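This report refers to the structure that appears directly beneath it.
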Amino acid sequence: MSAPTVVERMAALERFTAATADRLPERDLAPARALIGRAGERLALSQLHTVVALAGATGTGKSSIFNALAGVPLSQTGVRRPTTGEAHACVWGPDSADPLLDWLGVDRRYTRDGGTGPDLSGLVLLDLPDYDSVQAAHRAEADRLLSVVDLIVWVLHPQKYADKIVHAGYLAQFHRHRDITVVALNAVDLLSGPDLADCTTDLRRLLAADGLDGLPVLTTSTVGPPGLDPLVEAIRQAVVARQAAVRRLAADLDGVTAALAPAVAAEPPKAALDGEASRALTAALSQAAAVPTVAAAVEAAYVHRARKMTGWPLLRWIRRTRPDPLERLHLGDHRAAVPAATSLAPASPAATAAVTKALREAADRASAPLPAPWQDAMLAAVRAHRDELPDALDRAVAQTDLGVARKRWWWRAVGLLQWLVTAVALVGLLWLGVRVGMQALALPPLRTPMVDGWLPMPTALLAGGLLAGLLIAVLVRPVVRLAARARRRRATKRLRSSVQGVVKQLVEAPATAVLTDYRDARSALREAMGGTARR
């Protein structure tokens, strides 16, 4: 697979900045944003021109080289400081470079249409202010142009080629820009053959220490051999290839992406919240949502409603006077279009503290493998909806089907049986009442059947009905309790599932968004780094 082009790499860098816009500090993204803007502007301007800058310290002869190449004394020369106070430009060829020079901010311009020597059409040669100028504004102007030109020619002098300013302050900082860097050791006419060999050998050693190992060193002179031919040929090749601007952008990309690489260096986790973190957070929020209280109310409500239907009919009115535990909490009607708020008490301070602790631990677990800026983003995402949690949990509890809305079939069966035995007892009571009334009126008593030869039938019916109702109630009570506990466990499971839904919506979803942005940013930066990041 071919390496991505600079345009593709720039597009990838733009995707990186989009994915990290709300995740990384703006100061970290500022160089990338500036490069994207600068690249778009540079590529939109003339691609027929190659901007070559002559950079050097005072007295290195760069202005003399500029004038010699231009064929006209455009830039002031001398040894006093500063000599070059502002940039000068010379343009070769008929095509106007004014928009490009406007973008560069260079006002002093000269056009050279023809002349003897090699064809350098498309060359825009700049003579920069001295980078060691005593004037801060001159140094700032040189630094500004060095950050945008297509090709840099570092003009060094035999007496000051080892100056720490140029090596530590510039060449070492441009080690990623070797493809657009030319080093010219000027005024070599002042050196003997052996001295020149020693000087170039030492200069190559210093360049290697700057990260520019193997970079060719051109020797030049404006007053004697070897002249400027080596430098002119290097510039001509860059102009003909018309790749210097692209190489400059590629080198800038290398620097920007290398600085950003630590921000997405770590392998991302598979999920924002792992199983343990999700369970711990669900448990803490379940306590805050009073799930145990609601589950206990479900059990009590089941018992209350079951006994209203299975208890002795003549005493059920007592049960009906007692409040329903779920209705007292405004719970149970999950089918309502907009469930009302519950009457659950707010979470206790201990429960609230447990939620805060669980959120923090979930964020720590989710962000542990990630670089520092993303850890802060993950914590902010996990806690983003913290203030919304109480209402969301209350709604989740109110909307949960607690499984007690429907009456059970066996309640109806037992209730019917209770009515039957109660009817039997009432028949016996009525029968006894008739006998007592006839005796009071001195009427002949009715013939009364006997049970087992000794127990009158009315008495047997009354006692049997009452005992049967009591026995049914006693036998049903443990069944109701067991069923109520099962309903409590089921309600707890459903409530925790509802709470988990809140966790997914208000905690896990924002955390997943951060993780998605991290993965997107990591993938985009890898593409933006291209093949040059291995340097």
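Computed from a prediction, not measured in an experiment: that's the story for all the values here.
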Partners passing side-chain contact (heavy atoms from CB on, under 4.5 Å) against E276 (at least two apart in sequence or in another chain): D274, R279, R365
Any chance you could lay out the salt bridge (charged side-chain N to carboxylate O under 4.0 Å, His left out) test for D150 and R242, step after step, and finish with the verdict? CA-CA 10 Å; D150 303 332; R242 302 190 190 281; over 6 Å; no
Can you pull the salt bridge (charged side-chain N to carboxylate O under 4.0 Å, His left out) pairs that have at least one residue in residues 16-30, sequence neighbours excluded? R23-D517, E26-R33
Counting only heavy atoms not in R108 (residues, nucleotides, ligands), do more than 12 fall under 6.0 Å from its CZ? no
Can you tell whether the side chains of R109 and D98 come within less than 4.0 Å, N to carboxylate O? yes
Can R15 and D520 be counted as an ion pair, charged N to O under 4.0 angstrom? no
Is R205 salt-bridged to D202, cutoff N-O under 4.0 Å? yes
Taking R42 first and then D252, would you say they form a salt bridge - that is, a charged N and a carboxylate O separated by under 4.0 Å? no
Across all chains, not counting sequence neighbours, the side-chain contact (heavy atoms from CB on, under 4.5 Å) partners of V182 are L151, V153, L218, L231
Pair up each side-chain donor or acceptor in residues 372-379 with any protein partner under 3.5 Å, not counting sequence neighbours, and list the distances.
from: W374; atom 1: NE1; to: A263; atom 2: O; distance (Å): 2.8
from: Q375; atom 1: NE2; to: S367; atom 2: O; distance (Å): 3.4
from: Q375; atom 1: NE2; to: L370; atom 2: O; distance (Å): 2.9

Restricting to pairs with a member in residues 379-392, which pass side-chain hydrogen bond (donor to acceptor under 3.5 Å, both in side chains), not counting sequence neighbours? H385-E388
Please list every donor-acceptor pair under 3.5 Å in which a side-chain atom of residues 496-514 meets a protein atom from a residue at least two apart or in another chain.
from: S498; atom 1: OG; to: T400; atom 2: OG1; distance (Å): 2.7
from: S498; atom 1: OG; to: R494; atom 2: O; distance (Å): 3.2
from: T512; atom 1: OG1; to: E508; atom 2: O; distance (Å): 2.8

Let me have the donor-acceptor pairs involving side chains of residues 188-200, under 3.5 Å, with sequence neighbours excluded, atom names and distances please.
from: D189; atom 1: OD1; to: S221; atom 2: OG; distance (Å): 2.6
from: S192; atom 1: OG; to: D195; atom 2: N; distance (Å): 3.4
from: S192; atom 1: OG; to: D195; atom 2: OD2; distance (Å): 3.0
from: T200; atom 1: OG1; to: L196; atom 2: O; distance (Å): 3.0
from: T200; atom 1: OG1; to: A197; atom 2: O; distance (Å): 3.0

In short, ring-ring contact (aromatic ring centres under 6.0 Å, His included) pairs touching residues 187-226 with sequence neighbours left out are none
Does anything in residues 177-215 pair up under ring-ring contact (aromatic ring centres under 6.0 Å, His included), and if so which pairs, sequence neighbours excluded? F174-H177
Salt bridge (charged side-chain N to carboxylate O under 4.0 Å, His left out) contacts in which one or both residues fall within residues 215-235, not counting sequence neighbours: E233-R236
With sequence neighbours left out, write down each residue that passes side-chain contact (heavy atoms from CB on, under 4.5 Å) with P369, or none if nothing qualifies. P269
State which residues pass side-chain contact (heavy atoms from CB on, under 4.5 Å) with A32; sequence neighbours excluded, sorted by chain then number. L13, T17, V256, L260
